[in-house]
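Quick note on labels: first sequence line is chain A, next is B, and so on, each numbered from 1.
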Amino acid sequence: MTQLIRTRVAPSPTGYPHVGTAFQALLNWVYAHKHQGQFVLRIEDTDQKRAVEGAEQVIYQALSWLEIEPDESPKHLGDYGPYRQSERLKIYQQYAQQLIDQDQAYYCFCSPTRLAKMRKQQQQADQPPKYDRHCCGLSKTEVARRLKNGEKAVIRMKIPNDQQIIVNDLLRGKVEFDSNIVDDQVILKSDGFPTYHLAVVVDDHLMKITHMLRGEEWLSSAPKHVLLYQYFGWSVPVMIHSPTLRNPDKSKLSKRKGNTSLWWYRKQGYLKEALLNFLALLVWKPHEDQEVFTKEEMVKNFAWSQLNFKAPVFDVAKLQWLNGLYLRKKSLSALVKEVRAWAEWVVAQDDQAAAKQVLVWLNKQPSLFKKALGLAQQRLKLLKEIPELLGFYFAPELDYDQADLLQKHSVKEMIQALTIIKQRLAKLDPWTAESWEQTIRDYADELGWKHRDLFMALRSAVTAERFTPPLFAVMQVLGRTKSLQRLEQASQFLQAVVS
RNA sequence: GGCCCCAUCGUCUAGCGGUCUAGGACAUCGCCCUCUCACGGCGAAAACCGGGGUUCGAGUCCCCGUGGGGUCACCA
């Protein structure tokens, strides 16, 4: 019988959804699904100082938005709960005690002050900072006495001297560490909470995780984890340290230098498909030259051997390109739905005026909105561009720019031109793109104007914008009546200028 | 600084000893299409970090440098 693959992602609830978490989650999810395995979400809330209200909800929302749902989590109960580390304290304490009994861990009563002082001295002496094992030799009776006195204590794991510790990383192969440089790590804090190191080993084992995929930043603490597995007599799961995402300046992706919040991307109007595709592309390519794929295709083709382990720069320009691509691929009605969902979400998050405006348009003039969006679709890179791109269709009055309206001609000339054009277009029958365009070109010739100038003037008159979809298409969406009204408005605007 | 990881165009990569005068994508620039913007099409510029080996032959294997990154907490 083959082993059931179980993977996990274990974010700590910090209050906002990190793209790095999404990235890890995606990889874990994909691998689990590839093998009909299970993907677990575990909440690593062992740091009480950093606890943030509602942060856990945000994690669910993020995964659920991306449609990488866990099979087990505090919300999706499975057989290996609880899935919140703060609810597993007894378990960690019990295992820490086991290590004490096995003489592979010891109580430490050193104060933070002493530890800080010690580190400072070590650094000044050019030594690597490391716990000096001050409390390692304490007798059992002494420990019992001080514990009984209510002294604050932590539990540290004992690291053996002069030993090679081998971390077997699936991507990088065997990585060797000298045990002498490994610190006697605290595994249980004085508040009774475990540190990451104990918790990750205990939980991964108890939850039957077969493949532990995590960020590269954990590689240097991996020997501690290997040792803990040995102490407990457990077999080590397959370890994979995936590359960390980087800022454009190549440092680890951070809030200050890039945008690490998934919600930032969502607000901008990146689609989940684009984001997922992009994240995958950063480290993985299915076939030569195939860059656009769904997560289902990724599941189908996934193999660790194709995973790159060079830490990639998070290149927003490429993400944008992908986003535009996915935006264009959508059917118009699907796009409308997408826009509504986006706007509703942004309003709920931020109460943002522009997004509210979009909802108003969508509700009051759905048909106009849809047509207008259709014209904007191939120009769209981000959903947040919509309010600006579609504004002129809905505006009761346009904010004209005189220079754009005139295009090098005089006010008088332009008023005249607008009037004539208006008349001719009003009479035009049939109202087709061809007849329409011919009318304008003919008139430009009559005047001896450049066709371009007349088109641009009309564009400005109808939209008060410089960049729009082709004029005729815009007028068609706007409707003949409204289009002609706008020509009239523009001409009135110019009248006001002269008088 | 110690330890660890990594190293092909600006960015993401193809390349798994000869087919590499190094291929693709994004970004950049130019041209075409064209009423503007976009889409689309065509094209240009742009890289094997350096030095030693191994080999008939090295972008591809080994070593040493160099560079970048990570990590050295009662944070994860």
Next item on the list: Rounded off to whole Å, could you give me the CD-to-C1' distance for the Gln85(A) and rC75(B) pair?
Entry: 13 Å
Margin query: With side-chain contact (heavy atoms from CB on, under 4.5 Å) as the test, pick out the partner of Arg486(A) among Leu458(A), Thr463(A), Leu398(A), Leu418(A).
Written below: Leu398(A)
Next item on the list: Go through residues 270-281 of chain A and report each residue with a non-hydrogen atom lying under 4.0 Å from RNA chain B, sorted by number.
Entry: Leu281(A)
Every protein N/O lying under 3.5 Å from an N/O of nucleotides 29-33 of chain B:
none

Notebook entry, point to check: Which residues satisfy the side chain to side chain donor-acceptor pair (under 3.5 Å) test with Glu44(A), sequence neighbours excluded?
Noted result: Arg42(A), Gln85(A)
Note to self: Rounding to an integer number of Å, can you tell me how far Tyr131(A) OH sits from rC74(B) C1'?
What the structure shows: 12 Å
Check: Across the strands shown, which category fits Ser221(A) at heavy-atom distances under 4.0 angstrom: base, sugar-phosphate, nothing?
Finding: nothing
Next item on the list: Respond yes when some side-chain nitrogen or oxygen of Asn180(A) is under 4.0 Å from OP1 or OP2 of rG2(B), and no when none is.
Entry: no
Item checked: Nearest atoms (heavy-atom pairs only) where Phe39(A) meets Arg8(A) -> CE1-C, 4.1 Å
Note to self: In whole Å, I'd like the distance from the CZ atom of Phe293(A) to the P atom of rC12(B).
What the structure shows: 16 Å
Notebook entry, point to check: With respect to the side chain of Glu217(A), which nucleotide from rU36(B), rU71(B), rC74(B) is positioned closest?
Noted result: rU71(B)
Check: In chain order, what residues pass the side chain to side chain contact (heavy atoms under 4.5 Å, CB included) check against Arg328(A), with sequence neighbours excluded?
Finding: Leu325(A), Gln378(A)
Note to self: Suppose we screen for side chain to side chain donor-acceptor pair (under 3.5 Å). Which residues come up paired with Gln123(A), at least two apart in sequence or across chains?
What the structure shows: none
Notebook entry, point to check: What pairs with Lys250(A) under side chain to side chain contact (heavy atoms under 4.5 Å, CB included), at least two apart in sequence or on another chain?
Noted result: Arg246(A), Val313(A)
Note to self: Is the terminal nitrogen or CZ of Arg146(A) (NZ for Lys, CZ for Arg) located under 6.0 angstrom from the six-membered ring centre of Tyr107(A) and within 45° of that ring's axis?
What the structure shows: no
Item checked: Nearest-nucleotide comparison on RNA chain B, the residue closer to the 5′ end among Gln306(A) and Asp183(A) -> Gln306(A)
Next item on the list: For nucleotides rC37(B) and rG30(B), find the distance between their P atoms and express it as a whole number of Å.
Entry: 13 Å
Check: Do the side-chain N and O atoms of Gln268(A) and Lys384(A) include a donor-acceptor pair separated by under 3.5 angstrom?
Finding: yes
Notebook entry, point to check: Residues in side chain to side chain contact (heavy atoms under 4.5 Å, CB included) with Phe467(A), at least two apart?
Noted result: none
Next item on the list: Tell me, please, which residues at least two apart from Gln48(A) pass side chain to side chain contact (heavy atoms under 4.5 Å, CB included).
Entry: Asp191(A), Phe193(A)
Do any N or O atoms of the protein come closer than 3.5 Å to N or O atoms of nucleotides 3-10 of chain B, and which pairs are they?
{"residue": "rC5(B)", "atom": "O2'", "partner": "Arg172(A)", "partner atom": "NH1", "Å": "2.5"}
{"residue": "rC5(B)", "atom": "O2'", "partner": "Glu216(A)", "partner atom": "OE2", "Å": "3.2"}
{"residue": "rU8(B)", "atom": "OP2", "partner": "Lys310(A)", "partner atom": "NZ", "Å": "2.9"}

Check: Between Arg452(A) and rU34(B), is there a side-chain N or O to OP1/OP2 distance below 4.0 Å?
Finding: no
Margin query: Distance check, C1' atoms only: rC16(B) and rG59(B), in whole angstrom units.
Written below: 11 Å
Check: Contact class for Asp126(A) (heavy atom, under 4.0 Å): base, sugar-phosphate, or nothing?
Finding: nothing
Notebook entry, point to check: For Arg114(A) and rC74(B), is the shortest distance between a side-chain N/O and OP1 or OP2 below 4.0 Å?
Noted result: no
Notebook entry, point to check: Counting only Watson-Crick or G-U wobble pairs whose two distances fall under 3.5 Å, which nucleotide matches rA7(B)?
Noted result: rU66(B)
Next item on the list: Would you check if the side chain of Lys371(A) reaches a backbone N or O of Gln476(A) as a donor-acceptor pair within less than 3.5 Å?
Entry: no
Check: Distance between the C1' atoms of rA46(B) and rA22(B), in whole angstroms?
Finding: 13 Å
Check: Can you tell me how far C1' in rA47(B) sits from the matching atom in rA14(B), rounded to whole Å?
Finding: 13 Å
Next item on the list: Would you mind telling me which residue lines up with the more 5' stretch of RNA chain B, Leu282(A) or Thr244(A), judged by nearest nucleotide?
Entry: Leu282(A)
Next item on the list: Go through the structure and list residues passing side chain to side chain donor-acceptor pair (under 3.5 Å) with Ser254(A), not counting sequence neighbours.
Entry: Asn247(A)
Margin query: Could you tell me how far apart Asp203(A) (CG) and rA76(B) (P) are, to the nearest whole angstrom?
Written below: 12 Å
Item checked: Non-neighbouring partners of Asn323(A) that pass side chain to side chain donor-acceptor pair (under 3.5 Å), sequence neighbours left out -> none
Check: Would Asp203(A) and Tyr83(A) count as having a side-chain donor-acceptor pair, cut-off 3.5 Å?
Finding: no
Item checked: Euclidean distance for P, rG43(B) against rC49(B) (whole angstrom) -> 28 Å
Check: Among the nucleotides rU71(B), rC74(B), rU13(B), which one has an atom lying closest to any side-chain atom of Val154(A)?
Finding: rC74(B)
Checklist line | Distance in angstrom units between Gln290(A) CD and rA14(B) C1', rounded | finding: 14 Å
Next item on the list: Look at the side chain of Lys318(A) and decide which nucleotide, out of rC75(B), rU13(B), rA25(B), has an atom nearest to it.
Entry: rA25(B)
Checklist line | Among rG24(B), rC74(B), rA73(B), the nucleotide that comes nearest once only the side chain of Pro129(A) is considered | finding: rA73(B)
Next item on the list: For rA25(B) and rU19(B), measure between their C1' atoms and round to the nearest Å.
Entry: 23 Å
Note to self: Please encode protein proximity along nucleotides 37-48 of chain B as a string of B, S and -, counting only heavy-atom distances under 4.0 Å.
What the structure shows: BBSS--------
Next item on the list: Begin from the C-alpha positions of Asp184(A) and Arg133(A) and carry the test salt bridge (charged side-chain N to carboxylate O under 4.0 Å, His left out) through to its verdict.
Entry: CA-CA 8 Å; Asp184(A) 277 8; Arg133(A) 295 186 170 161; 2.9 Å; yes
